[in-house]
Amino acid sequence: MMCMVDCEALGLPGLPEPLPVATVDAHTHLDSVRERTGLSVEDSLDLAARVGIGWVIQAGDTAEDSTWGEEVARTHPQVVACVALHPNEVARHPERMDEGLATITRLAQAGPHVRAIGETGLDYYRTLDPADQARQREAFARHIRLACETGLTLMIHDRDAHDDVLAVLDESPKPERVVMHAFSGDADLASACAERGYWMSFPGVTTYNANHHLRRALAVAPDDKILVETDAPYLTPMPHRGRPNGPYLTPHTVRFIAEQRGWRLEDACARLRDNAFAAYGGPWGRDG
């Protein structure tokens with residue numbers, strides 16, 4: 001059924017030109033998109049499909065929204081879920097960590113529509129207290145072990161904590177697949193991630209003029225380790241910076257990546273799709 005949502009009438013950015021080949025939004029928050037924009041899950045997925053975003057990866061931040069995301073993925077074949085406690089959630093509510101991780105462990109075994117443990121990691125931008133940062137490292141290590149035990153991908157949130165993220169990973173068992181979500185480092189971090197075989201997921205902020213470090217990182221990332229994401233409703237790409245993001249805006253960043261890498265747009269779409277399937281354990285959805 002054709003989506004009848006009029007984005008501009010809702011005060012949202014209009015639809016970009018559709019991509020020539022369907023690809024994947026490798027990280028989004030459909031629940032937060034709904035809260036911020038009023039778009040239902042069905043609206044978001046229909047809008048995305050209209051512009052060539054055929055698959056979506058729903059990220060988890062809390063036990064509650066991970067539970068919600070698992071249900072959405074179970075009932076929408078174009079969506080797969082990631083389940084975790086966000087590092088800032090751990091810092092804000094340390095008393096809930098054990099119970100929350102028990103829920104995440106249960107959800108991780110719900111079925112093939114759950115593909116990753118994430119987003120987990122470290123955030124030293126919003127969490128400044130050393131004791132809270134230590135709790136984040138403990139929770140991160142526990143999430144890593146869970147990814148290893150379940151064979152699921154590990155999706156990492158890393159904000160102002162590059163060295164400690166790599167240190168915890170290097171000291172832990174090795175998951176089968178690791179994704180650096182919303183990659184925020186420079187070329188040196190990209191090289192370190194490439195050496196370890198990690199995927200790097202580039203969001204809309206890569207399109208901002210001031211973010212030269214992200215473009216240098218993109219330039220050194222291996223072809224088969226590059227993903228594209230929205231992190232919607234956040235990190236909106238140009239030309240809509242400052243407005244609510246959604247999976248349907250992924251094409252702006254896809255085109256930017258294609259230009260930066262010197263890829264034909266059709267090839268970029270297919271490569272980013274195949275990279276996402278590889279990073280998250282194979283195809284999914286009606287065509288997967």
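All figures in this text were calculated on a predicted structure; none of them were measured in a lab.
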Enquirer: Is the His240 ring parallel, tilted or perpendicular to the His252 ring (thresholds 30°, 60°)?
Expert: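 The rings of His240 and His252 stand perpendicular, inter-plane angle above 60°.
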Enquirer: Considering all heavy atoms of both residues, which atom of Thr206 and which atom of Phe256 are nearest to each other, and what is their separation?
Expert: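 Of all heavy-atom pairs spanning Thr206 and Phe256, the closest is O-CE2, 3.3 Å.
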Enquirer: Looking only at heavy atoms, which two atoms of Leu152 and Ala108 are closest? And how far apart?
Expert: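 Looking at all heavy atoms of both residues, the shortest contact is CD1-O, 3.6 Å.
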Enquirer: Does Asn211 CG have over 12 foreign heavy atoms under 6.0 Å away?
Expert: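 Count over threshold, so yes.
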Enquirer: Is there a path of hydrophobic side-chain contacts, each under 4.5 Å between heavy atoms of I/L/V/M/F/W/Y residues, joining Val21 to Leu19?
Expert: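 No, because Leu19 and Val21 fall into different hydrophobic clusters, even though each may have its own neighbours under 4.5 Å.
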Enquirer: Are Leu265 and Val51 co-members of a hydrophobic cluster defined by side-chain heavy atoms under 4.5 Å apart?
Expert: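 Yes, because Val51 and Leu265 connect within a single hydrophobic cluster, where side-chain heavy atoms sit under 4.5 Å apart.
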Enquirer: Specify the closest pair of heavy atoms between Asp25 and Glu229, including all atoms of both residues, with the distance to one decimal.
Expert: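 So the two residues come closest at OD1-CA, 3.4 Å.
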Enquirer: Ignoring hydrogens and angles, state whether a donor on the side chain of Asn88 or Thr127 is under 3.5 Å from an acceptor on the partner side chain.
Expert: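 Distance-only check passes for Asn88 and Thr127.
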Enquirer: Could you verify whether a donor N or O on one side chain and an acceptor N or O on the other, from Arg216 and His213, lie under 3.5 Å apart?
Expert: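 No, because no side-chain N or O of Arg216 sits under 3.5 Å from a partner of the opposite role on His213.
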Enquirer: If only atom types and distance count, is the side chain of Asp6 paired as donor or acceptor with the main-chain N or O of Ala9 below 3.5 Å?
Expert: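 Side chain of Asp6 to backbone of Ala9: a pair is present.
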Enquirer: Between Asp31 and Arg34, does at least one N-O distance fall below 4.0 Å, as a salt bridge requires?
Expert: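 The answer is no: the pair does not qualify as a salt bridge.
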Enquirer: For atom CZ of Arg243, decide whether the heavy atoms of other residues, nucleotides or ligands shown that lie under 6.0 angstrom number more than 12.
Expert: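 Yes.
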Enquirer: Can you find a side-chain donor-acceptor pair between Asp188 and Ser191 that sits under 3.5 Å?
Expert: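 No - no donor-acceptor pair under 3.5 Å links their side chains.
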Enquirer: Looking only at heavy atoms, which two atoms of Ala276 and Trp284 are closest? And how far apart?
Expert: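 Closest pair (atom of Ala276, atom of Trp284, distance): O-CZ3, 4.3 Å.
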Enquirer: Taking all atoms of both residues into account, what is the closest heavy-atom pair of Phe140 and Val165, and its distance?
Expert: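 The answer is CE2-O, 3.9 Å.
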Enquirer: Taking atom types as modelled, find out whether Thr153 and Arg177 have a side-chain donor-acceptor pair closer than 3.5 angstrom.
Expert: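 Their side chains do contain a donor-acceptor pair, which is all the 3.5 Å distance test asks for.
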Enquirer: Counting only heavy atoms not in Glu95, do more than 12 sit closer than 6.0 Å to its CD atom?
Expert: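 Yes, the 6.0 Å shell around CD holds more than 12 heavy atoms from other groups.
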Enquirer: With distance as the sole criterion, is a donor-acceptor pair present between the side chains of Tyr124 and Asp164 under 3.5 Å?
Expert: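 Short answer, yes.
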Enquirer: Verify the distance criterion only: is there a donor paired with an acceptor across the side chains of Glu35 and His29 at less than 3.5 Å?
Expert: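 Glu35 vs His29: no donor-acceptor pair found between side chains.
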Enquirer: For Glu99, does the CD atom sit with more than 12 other heavy atoms under 6.0 Å from it, leaving out its own atoms?
Expert: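 At most 12 heavy atoms, drawn from other residues, nucleotides or ligands, come within 6.0 Å of this atom.
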Enquirer: If you take all heavy atoms of Pro244 and Leu249, which pair is closest and at what distance?
Expert: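 The answer is O-CD1, 3.9 Å.
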Enquirer: Check whether more than 12 heavy atoms from other residues, nucleotides or ligands sit under 6.0 Å from atom OH of Tyr125, and answer yes or no.
Expert: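 No, OH of Tyr125 has 12 or fewer neighbouring heavy atoms, counting only those of other groups under 6.0 Å.
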Enquirer: Does atom CG of Asp170 have more than 12 heavy-atom neighbours from other groups under 6.0 Å away?
Expert: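 Yes, the 6.0 Å shell around CG holds more than 12 heavy atoms from other groups.
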